[in-house]
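Everything below concerns the one structure shown next.
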Amino acid sequence: MTDVNWAEAADPGDYFVGHIGLVIDEATSGRVTGHLDVAPHHHQPYGIVHGGVYCSIIETLASYGAAVTAHERTGNANVVGVSNATDFIRAHREGRLNAVAEPVHAGRTQHIWQVVITRDSDGKVVARGQVRLVGVQPESIGG
């Protein structure tokens, strides 16, 4: 099997992740980290980070981790999220957010990853979530 650096596997600017500004810092089968520098376009009308931004960070980091794990085990890195449960814990307006994803379960066909998002300024948790993902064959994606 070929080693794949998932943090550099595709230009994030071409995909949704690049449009929101999420940066993947580390991606291994045991841990994925990333960060986002919050800007006004991440806000909802009350001037705080939109909940969809948190869901997107959580989904993305969990997906990277499950893809790396699946690739290491089978050579197939095709995984899709089937459930994303995100808790919004405290409001955030500006500054860097850091996120860490770790596997709860990494099975043959199903993965569960938990993700915690904290403020860079004080380390307080702003959101947390869990994503369930399944491995799929490339031809079944989008079908």
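Hydrogens, waters and symmetry mates are skipped; everything else that's a heavy atom, side chains included, is used.
The minimum heavy-atom distance between S29 and V68, with the atom names listed, is N-CG1, 3.5 Å. Taking both residues in full, the closest heavy atoms of A62 and A101 are given as N-CB, 4.3 Å, listed atom of the first, atom of the second, then distance. Between S63 and V79, the shortest heavy-atom distance links the atoms O-CG2, 3.8 Å. When all heavy atoms are compared, the tightest approach of G47 to R93 is O-NH1, 3.1 Å. Pairing each heavy atom of G30 with each of P103, the nearest pair is O-CD, 3.4 Å. Taking all atoms of both residues into account, the shortest heavy-atom contact from T28 to W113 is O-CH2, 4.0 Å.
Inter-residue side-chain proximity for T60 and V115 is flagged as unmet; no heavy-atom pair is nearer than 4.5 Å. No side-chain heavy atom of N98 sits under 4.5 Å from any side-chain heavy atom of T33. Taking the side chain as every heavy atom from C-beta outward, I48 and F88 never approach each other to under 4.5 Å.
Put simply, CD1 on I112 and CD on E102 are 15.0 Å apart, with the number rounded to the nearest 0.5 Å. To the nearest 0.5 angstrom, R90 atom CZ is 7.5 Å from D122 atom CG.
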Would you give me the side-chain donor-acceptor pairs under 3.5 Å for residues 34-41, sequence neighbours excluded?
residue, atom, partner, partner atom, Å
H35, ND1, D25, OD1, 3.1
H35, ND1, D25, OD2, 2.9
H35, NE2, R96, NH2, 3.3
D37, OD1, R96, NE, 2.7
D37, OD1, R96, NH2, 3.3
D37, OD2, R96, NH2, 3.0

Show which side-chain atoms of residues 123-134 pair as donor or acceptor with protein atoms under 3.5 Å away, not counting sequence neighbours.
residue, atom, partner, partner atom, Å
R128, NE, D87, OD2, 3.2
R128, NH2, D87, OD2, 3.2
R132, NH1, Q110, OE1, 3.0

Can you give each donor-acceptor pair under 3.5 Å made by side-chain atoms of residues 50-59, sequence neighbours left out, with the distance rounded to 0.1 Å?
residue, atom, partner, partner atom, Å
H50, ND1, G52, N, 2.7
S56, OG, G52, O, 2.8
E59, OE1, N84, ND2, 3.2

- prompt: Where do L22 and L61 land on the side-chain contact (heavy atoms from CB on, under 4.5 Å) test, with the steps shown first?
  reply: CA-CA 10 Å; L22 179 61; L61 268 62; 4.0 Å; yes
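Proximity of a side-chain donor or acceptor of H19 to a complementary backbone N or O of G21 within less than 3.5 Å is not detected.
Annotation: R108, atom CZ; neighbour count of heavy atoms from other residues, nucleotides and ligands within 6.0 Å does not exceed 12.
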